[in-house]
Structures are given as structure tokens and as C-alpha cells.
Amino acid sequence: MKTLMIAEDLTALGQISLANALGVVQAQSVRPAMLPTALLSTQSEGFGTPVALSTEEWLENALAQWLDMGEEFAGILIGYVGQTALIDKLSVIIDHFSLPVTVIDPVMGDRGSLYPGLDEDYVVAVRQLCQKATVITPNWTELCLLAGYDPTSECTQELLDTSECTQELLDTMVEQLRQEGISARVIVTGILGQGTSSTAYQAEKDDQFNWLMAPRIPGHFYGTGDLFSAILASQLVKDVPFERAIQVAHEGLRLAIVQTAPFDEGQRRYGLQLSHLLAYLTSFEA
């Protein structure tokens with residue numbers, strides 16, 4: 001069994017980030033090696049300011065023990081970090097292992113805004129970290145931020161109503177990423193159009209974007225990016241072909257959103273419902 005290192009926040013309440021990644025990774029017969037970047041009482045949206053506990057010292061000691069044990073890793077997934085100093089340490093970890101699957105989900109904003117507590121210095125640090133990725137999975141807001149665009153002007157959701165405009169913007173922003181030293185393949189999630197929610201991806205670096213579309217379900221769903229990247233990274237460490245891995249992640253996320261859709265906003269804050277997704281993923285392992 002291959003081992004995937006996962007560095008992102010652990011939210012104590014609900015099924016967000018590392019809490020949902022754990023089951024998703026195991027359902028795909030991949031062993032998780034968890035590096036919680038922070039312990040949060042709640043997620044950062046919808047509950048006020050969470051109580052946070054730094055795990056920086058624990059993370060360093062745990063990693064040192066794994067190295068002493070000779071533990072081997074097939075890949076690494078990095079999601080929400082929250083601290084620029086910790087981003088620097090994760091950058092050193094990436095350099096040390098130089099793993100063929102290095103998926104970075106640049107979690108820092110959504111719906112045109114940075115997440116609470118993050119600033120431009122954090123965006124710069126994430127942009128530099130993405131230079132070390134083999135794959136990045138930003139949502140539309142995060143792609144704008146990485147490329148230096150203002151997500152409240154050039155990248156407003158209204159621009160996504162025409163495929164021509166979206167494709168042109170994607171090409172322009174990815175070219176800007178290349179100029180920033182980011183050579184990873186790019187997968188953009190949660191692109192909202194008229195009645196659709198799409199994932200756009202490059203099959204190979206600098207290829208044109210391919211599209212996977214699903215019917216758009218009204219409302220906001222928390223933790224979609226975390227879930228997509230956890231499915232994708234697990235598939236990639238198992239040597240599933242790149243495009244197939246994206247298709248599995250896209251369909252799995254769709255199943256979770258559909259299952260969660262009947263819940264109201266107050267319930268959705270706790271994260272996505274996962275039982276239908278987990279049944280889908282385990283069907284491949286039978």
C-alpha cells in the first residue's frame with residue numbers, strides 16, 4: 001500500500017479538510033500520513049473566529065520520527081496552511097523528498113475574497129510554494145490571486161458566463177503563472193457558468209484546457225476543494241492516468257454535492273456528506 005503525506009488543517013467539528021481527506025484517502029486503499037498544519041475548533045467560514053492550536057513543533061517531531069523509521073512516501077498533498085512560516089517549512093519538506101506526485105491545493109480564498117486572517121504576504125508565500133508542485137488545484141478565486149488578478153474585478157463570476165471569455169482568461173492567467181515560475185499542471189475547480197459548475201484542466205503542461213461540466217446546484221458548499229484534491233492525489237499516487245484521476249475526482253465531488261444539496265446553509269457549514277462518495281470510491285477497490 002502506498003502512503004500519501006497530507007499537510008492541511010484539522011478541523012475538530014464537522015467534516016472539512018483533513019477530517020474528510022482521511023476517509024477519502026483510505027477508501028482508495030492509500031495509507032494517509034497526516035501532518036495537521038493547525039488544529040481548529042471549527043472551519044474559518046460561517047462559525048466566527050475558530051480557536052486555533054499551532055502544531056508546528058509536533059509536525060517537525062513527527063516528521064523526524066518518520067524519517068528515522070525509514071518511512072517511504074509516494075506523494076504529498078498540501079492544502080490549507082494558514083501561516084507563512086509554516087509554508088516555508090513545508091517547502092523544505094518538498095525539497096527533501098522530491099516526490100513525483102506533489103499536489104498543492106492553494107487554499108486561501110473563495111467567492112472573490114481571501115479567507116479571514118490571510119493577507120497579500122500569504123498569497124506571495126503560497127505562490128512561491130506552488131513553484132514546487134507537479135499539480136495545483138486552485139478554485140477560480142485562488143487562480144486569480146496566484147496570477148496577480150483582482151478576483152473582485154477582472155475575475156468576477158459574471159465573466160464566466162461565456163466560454164470564450166473564460167478560456168481567454170484561463171490562458172492569460174496560466175501564462176502569468178509560468179512567468180512566476182509555476183510549471184505545474186493546472187486544474188481549476190468550481191468554475192461557475194450559466195447553470196453549470198465546471199472543472200478545467202490541462203492534460204499536459206501548457207496544453208489547452210479540457211472541461212468537465214456538471215449541473216450547477218444552487219447555494220454554497222464548504223470543503224469542495226479539499227475533497228477534490230484528496231481524491232485526485234490518492235488516484236495519482238496509485239498511478240491512475242492523469243485524466244482518469246481528474247474524472248474520478250470530478251464525479252466523486254459531484255456525488256457529495258448532490259447528497260449535501262437537501263441540507264440548509266446552517267448544516268452545510270459542517271462540510272459535505274460523504275457516504276455516497278465513499279461507496280463510489282470503494283467500488284473500484286472491490
Side-chain angles (χ1 to χ4, degrees), residues 1-12 15-41 43-44 50-108 115 117-118 121-137 181-184 223 225-239:
M1 183 180 290
K2 293 186 176 181
T3 301
L4 174 66
M5 196 184 307
I6 311 168
E8 58 188 24
D9 63 298
L10 176 57
T11 300
Q15 54 275 3
I16 294 281
S17 60
L18 193 53
N20 74 22
L22 179 60
V24 166
V25 170
Q26 291 175 316
Q28 296 173 91
S29 298
V30 173
R31 179 185 297 112
M34 297 180 290
L35 290 174
T37 53
L39 178 60
L40 304 178
S41 57
Q43 64 139 321
S44 60
V51 178
L53 177 66
S54 173
T55 59
E56 188 172 348
E57 182 178 353
W58 180 92
L59 186 149
E60 292 179 348
N61 292 335
L63 189 60
Q65 181 190 11
W66 293 347
L67 290 172
D68 288 343
M69 292 164 48
E71 193 69 36
E72 296 183 355
F73 304 96
I76 183 170
L77 166 63
I78 296 177
Y80 180 80
V81 180
Q83 305 172 58
T84 54
L86 191 50
I87 288 177
D88 293 339
K89 293 185 177 182
L90 290 172
S91 179
V92 172
I93 291 172
I94 292 174
D95 289 340
H96 176 84
F97 287 101
S98 190
L99 297 170
V101 175
T102 301
V103 178
I104 295 180
D105 180 9
V107 181
M108 53 184 169
Y115 288 136
L118 304 183
D121 288 342
Y122 187 82
V123 174
V124 171
V126 171
R127 187 181 296 135
Q128 293 172 343
L129 185 69
C130 285
Q131 295 173 357
K132 301 177 184 294
T134 59
V135 179
I136 61 172
T137 61
I182 298 173
S183 61
D226 303 330
L227 194 59
F228 181 94
S229 60
I231 302 169
L232 176 77
S234 300
Q235 291 283 299
L236 292 178
V237 298
K238 294 175 63 178
D239 299 320

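These values consider heavy atoms only, across backbone and side chains, with no hydrogens, waters or symmetry-generated copies.
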Q: Starting from the C-alpha separation in whole Å, work towards a yes-or-no answer on side-chain contact (heavy atoms from CB on, under 4.5 Å) for Ile87 and Ser91.
A: CA-CA 6 Å; Ile87 288 177; Ser91 179; 5.6 Å; no
Q) Given Asp121 and Thr84, is the side chain to side chain donor-acceptor pair (under 3.5 Å) satisfied, shown in steps? A) CA-CA 8 Å; Asp121 288 342; Thr84 54; over 6 Å; no
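Contact annotation: the side chain of Ile76 approaches that of Ile93 to within less than 4.5 Å [non-hydrogen atoms, C-beta and beyond]. A heavy-atom distance below 4.5 Å is not found between the side chains of Ser98 and Ile94. You'll find the side chain of Leu86 stays beyond 4.5 Å of the side chain of Asp88, heavy atoms only. In this structure the side chain of Glu72 never reaches within 4.5 angstrom of the side chain of Thr3, judged on heavy atoms. Between Ile78 and Leu129, some side-chain heavy-atom pair lies under the 4.5 Å cut-off.
A pairwise comparison of heavy atoms in Thr37 and Asp9 identifies OG1-N, 3.1 Å as the closest pair.
For the pair Thr55 (side chain) and Pro36 (backbone), a donor-acceptor distance under 3.5 Å is present. Proximity of a side-chain donor or acceptor of Asp226 to a complementary backbone N or O of Ser17 within less than 3.5 Å is detected. Side chain of Gln28 to main chain of Ser234: no donor-acceptor pair is present (N/O by atom type, distance under 3.5 Å, no hydrogens or angles). Thr134 places a side-chain N or O within donor-acceptor distance of the main-chain N or O of Thr102, the cut-off being under 3.5 Å. At least one donor-acceptor pair closer than 3.5 Å links the side chain of Arg31 to the backbone N or O of Met1.
Ring planes of Phe73 and Trp66: tilted class, angle from 30 to 60°.
With Val237 as the fixed residue, the side-chain contact (heavy atoms from CB on, under 4.5 Å) test singles out one of Val30, Leu99, Leu232: Val30.
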